[in-house]
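Input: a single structure, listed below in structure tokens.
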Amino acid sequence: MKKFFAIAIILFSAGVGASSFTNINMPSSKFLDDKPEITIALPSSYSSKESKHYPVLYVLDGELNGELVFSMLNRLHKSNGSDEYIVVGITSANRLKDFAPTVNKDPRGPLGEGGGAGKFLDYIHYELIPFVNGKYRSNHNNIILGHSIAGLFVIHAFHARPGLFQAHLAFSPAVWWGNGETVQATKSYLSSENDKPGFLYMNIGGERGSMRKQYDAFSNIVLRNRSTDLVLQLDEFNSEEHNFTLVAGLYNALKELQRYRKITRLSEESPDNHI
């Protein structure tokens, strides 16, 4: 059933037709030598509801994953299962360099790669998000989504830049990268007094060996150390290959994100908050 569901989503995405995304011509970056390709897709109501402001979902590897995410959001919205989003696709010129926080020294992975996530996060924080907020009607509620090494970047953003994103969606994050620096940094963040409320989704597929062991250890660290203000959703798709975990988990991630956003809105509207 899970395999059929994953294939059905792929076919649905493939049949979308013309791209919903347009290219954004960003100014030169003071953080990056090689600018990423930035694309944007606007909600169907954007032109008709001129006073409405929208949350923004930033999709890493946007060229590969943007249409799938935007299509799923549209389908959920038509069934009253999701808010509408501005979706921004981010396609890096060198994803290992830009998405990995540290240089990898583990011989099981690409030696010497990585180390640019800090600058890439600066680019998103200080250049891309202000540009999007200034040009489009965002409500300053930001979500970030990524798979594999891009999922590792999502976790890096989660602990390194608290509050920049209100929700983080990490599909099969490569937490094995390097010497596990991201794991330790996340544990320190969760154990500190600087942790922010939010929503974190993570999943894993049929990965085996040290990759699975390190993911399981990391998810347990998050479970044990998170505060009650962090809503955590974990999924396992043991019959799915690593490359399909975004497809397999996207519906659950967006569904739980919507539930979190609804609860948060109700909490903000509670009379107790106006005392």
Side-chain angles (χ1 to χ4, degrees), residues 55-62 65-66 68-69 72-73 82-83 85-90 92 95 98-101 117-118 120-125 128-129 132 138-175 177 181-192 194-204 215 218-236 245-246 248-264:
V56 184
L57 201 162
Y58 292 87
V59 179
L60 301 173
D61 296 319
N65 300 320
L68 173 63
V69 174
M72 176 65 80
L73 284 170
S82 175
D83 295 325
Y85 288 79
I86 296 170
V87 178
V88 176
I90 307 172
S92 166
R95 66 194 300 271
D98 289 336
F99 295 158
F120 203 78
L121 188 54
D122 283 339
Y123 165 77
I124 293 175
H125 186 173
L128 180 58
I129 290 178
V132 171
S138 77
N139 64 6
H140 299 269
N141 191 288
N142 302 315
I143 300 93
I144 188 168
L145 177 157
H147 172 261
S148 193
I149 196 69
L152 178 68
F153 182 87
V154 170
I155 302 300
H156 174 69
F158 170 72
H159 75 76
R161 214 62 58 95
L164 179 61
F165 299 97
Q166 286 68 54
H168 301 77
L169 314 181
F171 301 83
S172 286
V175 293
W177 183 269
E181 298 93 344
T182 299
V183 174
Q184 294 305 315
T186 303
K187 182 178 180 180
S188 297
Y189 164 68
L190 291 172
S191 302
S192 72
N194 298 322
D195 58 321
K196 302 289 186 182
F199 174 79
L200 174 62
Y201 173 90
M202 297 192 303
N203 77 4
I204 193 71
Y215 171 84
F218 177 67
S219 61
N220 284 328
I221 285 173
V222 178
L223 275 169
R224 290 196 304 267
N225 293 279
R226 68 187 176 102
S227 70
T228 56
D229 292 329
L230 175 64
V231 176
L232 177 66
Q233 174 70 24
L234 300 174
D235 271 341
E236 294 182 6
T245 53
L246 188 152
L250 184 59
Y251 169 76
N252 286 353
L254 296 179
K255 181 181 68 173
E256 294 303 322
L257 173 62
Q258 180 65 17
R259 183 177 299 175
Y260 166 75
R261 286 176 53 77
K262 183 177 181 180
I263 292 172
T264 303

Q) Could you go step by step and tell me if N203 and Y201 meet the side-chain contact (heavy atoms from CB on, under 4.5 Å) rule? A) CA-CA 7 Å; N203 77 4; Y201 173 90; 3.3 Å; yes
Q | D61 vs F99, side-chain contact (heavy atoms from CB on, under 4.5 Å): CA-CA, chis, key distance, verdict | A | CA-CA 10 Å; D61 296 319; F99 295 158; 3.6 Å; yes
Q: Before giving the answer on side-chain contact (heavy atoms from CB on, under 4.5 Å), spell out for F218 and M202 the whole-Å C-alpha distance, their side-chain angles and the decisive distance to 0.1 Å.
A: CA-CA 10 Å; F218 177 67; M202 297 192 303; 3.5 Å; yes
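Surrounding NZ of K255 are more than 12 heavy atoms belonging to other residues, nucleotides or ligands, all under 6.0 Å away.
Rounded to the nearest 0.5 angstrom, R259 CZ and T264 OG1 are separated by 12.5 Å. Of the inter-residue distances, the one linking M72 atom CE with L250 atom CG reads 5.0 Å to the nearest 0.5 angstrom. For the atom pair CZ (R161) and CD1 (I144), the distance works out to 11.0 Å, reported to the nearest 0.5 Å.
Residues Y85 and D83 meet the side-chain proximity criterion, which asks for heavy atoms closer than 4.5 Å. With a 4.5 Å cut-off on side-chain heavy atoms, D122 and F120 do not count as touching. Within the 4.5 Å cutoff, the side chain of V56 has heavy atoms near those of the S138 side chain. Under the 4.5 Å side-chain criterion, counting only non-hydrogen atoms from C-beta, T182 is not in contact with W177. Proximity of N220 to L223: side-chain heavy atoms (C-beta onward) are separated by under 4.5 Å at one or more points. Residues S82 and R261 are not in side-chain contact: their nearest non-hydrogen atoms beyond the backbone lie 4.5 Å or more apart.
Smallest separation of non-hydrogen atoms from P162 and Y189: CG-CE1, 3.4 Å.
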Show me the side-chain donor-acceptor pairs of residues 226-234 shorter than 3.5 Å, one per line, residues at least two apart or across chains.
from	atom 1	to	atom 2	distance (Å)
R226	NH1	L230	O	2.9
S227	OG	D195	OD2	3.1
S227	OG	D229	N	3.3

Name the atoms and distances for all side-chain donor-acceptor pairs under 3.5 Å in residues 165-174, with sequence neighbours left out.
from	atom 1	to	atom 2	distance (Å)
Q166	OE1	N142	N	2.6
Q166	NE2	G163	O	3.0
S172	OG	E207	OE2	2.9
S172	OG	T245	OG1	2.9

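Partners of D235 under the salt bridge (Lys or Arg N to Asp or Glu O under 4.0 Å) rule, at least two apart in sequence or in another chain, do not exist in this structure.
For the side-chain contact (heavy atoms from CB on, under 4.5 Å) with L145, the lone residue among L57, L257, I90, L60 that qualifies is L57. Evaluated for a side-chain contact (heavy atoms from CB on, under 4.5 Å) with Y58, the options I129, V154, V87 yield exactly one hit, I129. Partner I221 forms a side-chain contact (heavy atoms from CB on, under 4.5 Å) with one of V175, T186, V183 and no other, that one being V183.
The aromatic rings of H156 and F153 sit tilted relative to each other, their planes meeting at an angle between 30° and 60°.
In this structure a side-chain-to-backbone donor-acceptor pair under 3.5 Å is missing from S148 to A150.
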